Amino acid sequence: MDDDRVFKALADPTRRFLLDLLFERDGRTLTELESSLEMTRFGVMKHLKVLEEADLVVTRRMGREKLHFLNPVPIREIHDRWIDKYTAHHAAALLELKAELEEDR
């Protein structure tokens with residue numbers, strides 16, 4: 001299941017850090033990403049592979065370089081399926097409370 005891959009990818013703090021780096025500036029090389037972490041190039045490559053398998057990172061070749069880009073769609077799908085539906089009720093209740101409190105003024 002794709003959700004399982006996304007949750008597995010997001011469970012690791014190093015992979016979340018890599019996603020944060022790509023959020024700040026998309027299109028980074030392995031060397032750029034590696035320079036922000038205290039681990040081997042091979043270690044970073046393993047983390048990027050997990051992110052690619054979860055479709056959270058997509059790559060594109062530009063000449064000799066392989067650029068990494070954040071794909072936020074799987075995270076949004078997780079949000080819509082697992083988070084949004086649980087928060088909608090609470091947000092509606094807060095709006096109702098606000099309206100009631102403003103009526104009492």
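What you are looking at is a predicted structure, and each value in this text was computed from that prediction instead of being measured.
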Between [atom1] of [X] and [atom2] of [Y], what distance do you get to the nearest 0.5 Å?
X	Y	atom1	atom2	result
L21	E32	CG	CD	10.0 Å
L48	L18	CG	CG	5.5 Å
L101	E96	CG	CD	12.0 Å
E102	E100	CD	CD	11.0 Å
L51	T59	CG	OG1	12.0 Å
L33	T14	CG	OG1	12.5 Å

Any link between [X] and [Y] through a network of hydrophobic side chains (Ile, Leu, Val, Met, Phe, Trp, Tyr) touching at under 4.5 Å?
X	Y	value
F42	V57	no
I78	F23	yes
V50	I75	no

Heavy-atom pair of closest approach, residues [X] and [Y]:
X	Y	answer
W82	D3	NE1-OD2, 3.3 Å
A54	P74	O-CG, 3.9 Å
G27	L22	N-CD2, 4.5 Å
D26	L70	OD1-N, 2.7 Å

Is a salt bridge present between R16 and D20, judged by a nitrogen-to-oxygen distance below 4.0 Å? no
Check E34 with R41, please: is the shortest side-chain N to carboxylate O separation under 4.0 Å? yes
Within a radius of less than 6.0 Å around CZ of R25, do more than 12 heavy atoms belonging to other residues, nucleotides or ligands occur? yes
Has R28 got a side-chain atom pairing as donor or acceptor with H68's backbone, closer than 3.5 angstrom? no
Starting from the C-alpha separation in whole Å, work towards a yes-or-no answer on side-chain contact (heavy atoms from CB on, under 4.5 Å) for D55 and D2. CA-CA 9 Å; D55 203 26; D2 287 342; over 6 Å; no
Taking side chain as C-beta onward, heavy atoms only, is F17 less than 4.5 Å from S36? yes
Tell me who clusters with L67, hydrophobic residues only, linked when side chains sit under 4.5 Å apart either directly or through other members. V58, M62, F69
Would M45 and K49 count as a side-chain contact (heavy atoms from CB on, under 4.5 Å) if you check the C-alpha gap in whole Å, the side-chain angles of each, and the deciding distance to 0.1 Å? CA-CA 6 Å; M45 288 171 58; K49 182 178 180 187; over 6 Å; no
For side-chain contact (heavy atoms from CB on, under 4.5 Å), just list the numbers for M39 and H47, CA-CA rounded to whole Å, side-chain angles, deciding distance to a tenth of an Å, and then say yes or no. CA-CA 11 Å; M39 68 173 43; H47 283 293; 3.7 Å; yes
Taking side-chain contact (heavy atoms from CB on, under 4.5 Å) as the test, write out the residues that go with E77, two or more places apart. V73
